Protein chains: 2
Amino acid sequence: MDPRRLLIFRAVARAGSISAAARELGWTQPAVSQHLRTLERSTGCALLLRSATGVQLTEPGRVLLSRADALAVQLHLAEEELADLTSLRRGRVRLAAYPSAAATLVPRAVAGLRERHPDVDVELTEAEPPQALALVAAGDVDLALVFSYDDPPAELEWRPLGVEPVALVVGGEHWAATRGRLTLGDLAEEPWVVGCERCRAHAVRVCAEAGFEPTVRHVSDDYVVVQNLVAVGLGVTLLPRSALEAYRHPSVAVRDHPSYGTRRFGLVHREGADSVPATAALVRELSA
Amino acid sequence: MDPRRLLIFRAVARAGSISAAARELGWTQPAVSQHLRTLERSTGCALLLRSATGVQLTEPGRVLLSRADALAVQLHLAEEELADLTSLRRGRVRLAAYPSAAATLVPRAVAGLRERHPDVDVELTEAEPPQALALVAAGDVDLALVFSYDDPPAELEWRPLGVEPVALVVGGEHWAATRGRLTLGDLAEEPWVVGCERCRAHAVRVCAEAGFEPTVRHVSDDYVVVQNLVAVGLGVTLLPRSALEAYRHPSVAVRDHPSYGTRRFGLVHREGADSVPATAALVRELSA
DNA sequence: GTGCTTTACGAATACCGTAACGATC
DNA sequence: GATCGTTACGGTATTCGTAAAGCAC
């Protein structure tokens, strides 16, 4: 049974005549008449009795009308709900982000989104880029904010958001001892503190370019932990700017230099996922 | 929003891929793909994300799916209920019938219908033909069992069911007094008992053909009342056979003769009403 | 006459299938 | 290579409008 014909039948039943329904639908009378004939043929029984004054429902017609009403309600609800989602009157986005972004960029974007669209909810999952990519692939999040020290992997489709410098972070005594003229080479013999896999690889590469292989003494993803280790003199480290923006230990010294490299960050989502209005809105906020 | 596309979308969501849905629907893949594209275009947001392994719903897609499910349920219920009505697993017919038929023909037909289709209900309204016709016209009953002494009115579309003779009914003494060779002319001076408007007209016409105008003393629609009046000698009357079949007073005498005329009976319904299965079934029972 | 209905028929358009192609496992 | 997806395009079938006609108030 064609649901469109059910709706046409409903229009006729409610209007009381085929002509009136045709006027409401913006059609001609015969068009509506034909649909009714087809519907009655497919159901095998008379749904309405025609007369010069209009139509009157038969018992099957009355039964069918109540179903048609329910169907129309569902269709209307579907349209309403979709309209709510497209106009951002409601919605949900699941975002994965690495820790230092989750502490800086993300809260600002979420606040901006919330201000403009209070009923669009963001669900944040903190995850390092590899895991974040897996979450996207598995469909567990809609959007992932990830970083890359190198050029972004060629195979990965991502939306670049920005570049941040990597800084050298040392204990205050180092700074004092070198009278502020610290070079990477001065730290060849120091113990190093490194973070995640990719951060460690970056540190090793940067050191190699300075002519030595760093001795990794401590490993922690957590930029607060890392800075505390550095602050008490247990090692030195490289940290991206956003980590230092998120948290800055009072007694570490920070130095910038092009040779420390940069870190790119950007957004990853499944193909087409940015056509979901709530996701697109969060992308816009994060891009701003 | 085209409800058919909602159902197609539902098929895809449930099957997990466009190809699988196309196989279920007996269509080709591009056909389904095009419908989805149209649906997404009309809603303005992505409903599902395509990949080489199939499709995955977006948030709007999940919302829409639940509406599509509800819609499919209603459509299925509509089909079920209509099928029940057409196959006479349920239904209702409203019948108007004149008293003597309501006492004879109708109970047999209703019993037959009930035996074959226990859940098809008949609602009987006792009504003389003119009122029965009005009930049909107003849509208050589906079917009317009516009679006519003359040829059925030309303007009326009816389904003839049969003809019954009209009998002369007199008190036993008349019968004895005339030694069973009673003629209508013998009763010219008797008081007459007549029933409804049309029965009275018939009686007057029959008497006129016999050469006299009857003196109407008593008037009653009720064939039990009429026979009791006749039985105690308060008058004579003409009654159709069905009234005598419904009730026969033990001490009245009944005589048949072509000159008493006949009464035709048949069914009236609105144009097309016999396309309602339950009505058609009752028509069949009454015609048997 | 004015309103309701229907049928018949032609033209526009919606729809499905075929063919060709790209991406992923 | 098998299976997923898409786009492009053509023929068929649906579907709507027009025209003509029948009925009831």
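Chain A is the first sequence line, chain B the second, and so forth, proteins listed ahead of strands; every chain is numbered from 1. This structure is a prediction, so every number in the text was calculated from the model and none was measured.
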For B:Asp69, which of B:Leu65, B:Leu71, B:Val73 qualifies under side chain to side chain contact (heavy atoms under 4.5 Å, CB included)? B:Leu65
Heavy-atom count around B:Arg200 CZ within 6.0 Å, excluding the residue itself: above 12? no
Atom-to-atom span, CD1 of A:Ile18 to C1' of C:dT7 - whole angstrom: 13 Å
How close or far is atom P of C:dT24 from atom CZ of A:Arg270, stated in whole angstroms? 11 Å
Go through residues 27-38 of chain B and report each residue with a non-hydrogen atom lying under 4.0 Å from DNA chain C, sorted by number. B:Trp27, B:Thr28, B:Pro30, B:Ala31, B:Gln34, B:His35
dist B:Leu64:CG -> B:Arg10:CZ (nearest 0.5 Å) comes out at 12.0 Å
Bounds of contact between DNA chain D and chain B, in 5' to 3' order, using a heavy-atom cut-off under 4.0 Å: D:dC4 to D:dC9
Counting only heavy atoms not in B:Glu123, do more than 12 fall under 6.0 Å of its CD? yes
Please step through salt bridge (Lys or Arg N to Asp or Glu O under 4.0 Å) for the pair B:Glu79 and A:Arg67, ending with a clear verdict. CA-CA 10 Å; B:Glu79 286 166 346; A:Arg67 292 301 162 199; over 6 Å; no
Would you say A:Ser19 and A:Ser17 are linked by a side-chain donor-acceptor pair, where the criterion is simply a distance under 3.5 Å? no
Gap between atom CE of B:Met1 and atom OG1 of B:Thr38 - 0.5 Å precision: 12.5 Å
Quick check on C:dC15: is either OP1 or OP2 less than 4.0 Å from any side-chain nitrogen or oxygen of B:Arg5? yes
Of A:Arg4 and A:Val12, whose nearest nucleotide on DNA chain C comes first from the 5' end? A:Val12
Measure from CD on A:Glu157 to P on C:dG22 and round the result to the nearest Å. 17 Å
Rounding to 0.5 Å, atoms OG (A:Ser148) and CZ (A:Arg263) come to a distance of 10.0 Å
Hey, which sits more toward the 5' end of DNA chain C by its nearest nucleotide, B:Asp2 or A:Arg23? A:Arg23
A:Leu48 CG - C:dC4 C1' separation (whole Å): 13 Å
